[in-house]
Number of protein chains: 2
Amino acid sequence: MMDKWYRTVGKHGDVVMSTRIRLARNLEHRPFPRFLSKEQRQEIVEAVKDAAAAISGLPLHFVDVATLPERERLALVERHLISFELANAPEGSGLLLSEDERVSVMINEEDHVRIQVMSAGLDLEGAYALADQVDSALGEKLHFAYDERLGFLTACPTNLGTGMRASLMLHLPALEEQGAIQTLENTVSKLGLTIRGSYGEGTRPHGALYQMSNQVTLGISEKAAIENLNGIAVQIMKQEISMRQRLFTQPEFEDHAWRSLGVLQTARILTYEEALRFLSTVRIAAAGGVLPSPTIETVTALMSDIQPGCLMTAAGEDMPPQIRDRRRAAMVRAALGRAE
Amino acid sequence: MMDKWYRTVGKHGDVVMSTRIRLARNLEHRPFPRFLSKEQRQEIVEAVKDAAAAISGLPLHFVDVATLPERERLALVERHLISFELANAPEGSGLLLSEDERVSVMINEEDHVRIQVMSAGLDLEGAYALADQVDSALGEKLHFAYDERLGFLTACPTNLGTGMRASLMLHLPALEEQGAIQTLENTVSKLGLTIRGSYGEGTRPHGALYQMSNQVTLGISEKAAIENLNGIAVQIMKQEISMRQRLFTQPEFEDHAWRSLGVLQTARILTYEEALRFLSTVRIAAAGGVLPSPTIETVTALMSDIQPGCLMTAAGEDMPPQIRDRRRAAMVRAALGRAE
């Protein structure tokens with residue numbers, strides 16, 4: 001089995017957890033998904049599946065989201081492979097997925113086609129190149145709706161133009177600790193970007209994970225949008241690293257990091273929020289050499305695996321929250337080397 | 001070197017940390033210490049030293065408290081071998097101490113002679129027998145002031161009669177958690193006993209350690225006073241054990257116990273109060289089988305060794321609180337088996 005992309009740590013992985021490129025596309029001469037009948041939706045699912053099957057060198061398997069148990073749909077949302085909306089109303093929709101889960105294509109979500117490429121670390125160019133390749137291959141067969149003046153046509157006008165949303169998942173515990181996130185939000189919004197908690201607007205970020213995305217899709221090339229995002233990300237990275245260096249000199253932080261590891265290695269009950277909070281501290285301490293172990297890869301994989309849906313999917317059964325919290329604690333202990 | 005008594009765990013050691021018997025005695029035809037000149041005080045010190053030297057089979061070495069560095073005087077107070085008063089005004093006073101620190105004799109504290117015997121666990125009869133033996137041996141030479149009607153004469157009328165204070169150091173985390181200590185205080189006070197935090201009246205108990213003593217010394221024999229204290233201690237023990245059994249069935253307690261151990265095994269900074277709180281939880285969890293380790297002996301020894309004066313005395317140097325907190329954390333990690 002191929003390694004999932006989210007079990008690896010990429011370039012600048014100490015601050016940038018992952019890169020995501022999403023392209024919104026629609027088929028010519030067809031109404032947007034919300035105006036389609038069940039039969040019409042099914043036709044589009046089949047057309048996209050056929051087009052995907054023809055891509056050479058990139059096998060994508062079809063996932064019929066509607067037939068999955070709720071826990072597996074939740075796991076797909078947690079791993080950012082489908083949206084909440086698709087998970088909750090999966091009839092006449094579908095998902096195409098590569099073995100390593102880097103490439104996914106949502107069919108009949110808001111748009112007919114949503115191509116997504118995920119990559120570990122800061123890898124906007126790499127992820128875009130792969131997304132562009134999938135886009136071209138699918139577009140050859142499907143003929144995407146495109147206007148010479150406006151660009152790609154999308155169900156929501158905020159995506160019109162490139163149809164591209166480029167996002168970086170940033171781990172910013174030191175900036176968060178300094179209370180610097182609000183200032184950051186204000187600054188990047190003036191630069192055509194947005195920063196929000198890892199599960200989108202209105203949700204409170206856990207584990208100091210923030211998603212930064214481009215906002216502008218019209219009147220700007222993909223290349224320019226990516227360069228803009230990349231440049232600002234590099235600046236934020238520098239600020240975060242500089243704040244961390246200051247933290248690392250404090251005996252209190254060393255103590256806090258060790259205790260966080262100690263609790264993770266011994267706790268019998270761990271909620272997701274609490275585990276993520278401790279892992280967030282352990283992650284920067286391990287990356288900065290304050291803790292000799294665990295590896296940043298181990299912590300990064302855990303931050304994904306301990307999510308409720310991922311946990312239940314791995315166990316192959318539904319579990320009430322109390323049982324999940326015990327299972328999560330056991331998983332964390334096993335991964336961090338104290339399974340007694 | 002003989003093992004110190006406080007490194008062992010005695011009968012019912014899961015609840016009763018230690019037993020203490022103290023006998024207040026004064027020499028005939030001499031004013032109480034506070035009315036003595038420096039020379040007179042010195043005479044008494046010499047007389048008691050001579051009398052102690054004649055006790056066969058129980059070598060007591062003399063400690064000139066006035067010449068000790070402050071940290072060592074503090075350590076003697078922490079191990080209940082001398083009082084705060086003697087530590088702070090040690091001129092013309094002294095201490096006789098057995099190698100295992102079970103037997104100590106304070107000279108010229110409030111009374112001319114204060115014989116004390118400490119014992120691990122619940123051991124009132126054993127401790128009293130040894131105190132009685134020391135009392136008889138010293139009394140042969142020193143001729144203690146005794147009134148046929150009143151009994152032993154003492155500087156403070158609350159000690160008049162037997163001059164005996166019998167105390168048990170109880171570890172009552174489960175009763176404390178249930179908020180049952182206040183009720184217990186009220187109950188035992190009606191039975192001629194008193195319960196208070198481990199460092200005497202007015203101080204807040206740390207680590208759920210409570211000292212229970214007899215209050216009445218007049219019109220009651222030593223034997224009766226000890227039997228009364230013993231009987232009530234057995235009842236409190238049963239209550240504490242029963243409350244613990246209830247705690248042990250709660251998954252939250254298991255989690256709390258493991259986390260407490262995890263923090264002790266990893267923390268880089270530990271105040272005395274915090275360390276004692278975690279050790280208190282670990283002690284009952286280890287005694288009750290909720291944790292497979294450490295041994296109750298290890299925890300009990302630590303609870304004594306981590307006190308500020310004991311810590312500095314072991315290190316052989318004075319340390320400011322921040323340094324002590326780091327040293328304490330290192331000592332705890334080493335003792336609990338994770339020294340990395």
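The sequence lines fix the lettering, A, B, ..., with proteins before strands; numbering per chain opens at 1.
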Can you name the side-chain contact (heavy atoms from CB on, under 4.5 Å) partners of B:E101, sequence neighbours left out?
B:K4, B:W5, B:Y6, B:R79, B:L81, B:L97
Is there a side-chain contact between A:P251 and B:R268 (heavy atoms, below 4.5 Å)?
no
Determine whether more than 12 heavy atoms belonging to other residues, nucleotides or ligands lie under 6.0 Å from atom CD of A:E297.
yes
Please list, chain by chain and in numerical order, all residues satisfying side-chain contact (heavy atoms from CB on, under 4.5 Å) with B:A329, sequence neighbours excluded.
B:L270, B:R333
So, for B:R259 and A:I269, which heavy atoms are closest and what is the spacing to 0.1 Å?
NH2-O, 2.7 Å
A:F253: what forms a ring pair (Phe, Tyr, Trp, His ring centres under 6.0 Å) with it, not counting sequence neighbours?
A:F248
Among residues 280-290 of chain A, those lying within the under-4.5 Å heavy-atom range of chain B are none
Would you say CD of B:E177 has more than 12 non-hydrogen atoms from neighbouring residues, nucleotides or ligands within 6.0 angstrom?
no
Could you check whether atom CD of B:E70 has more than 12 heavy atoms from other residues, nucleotides or ligands sitting under 6.0 Å from it?
no
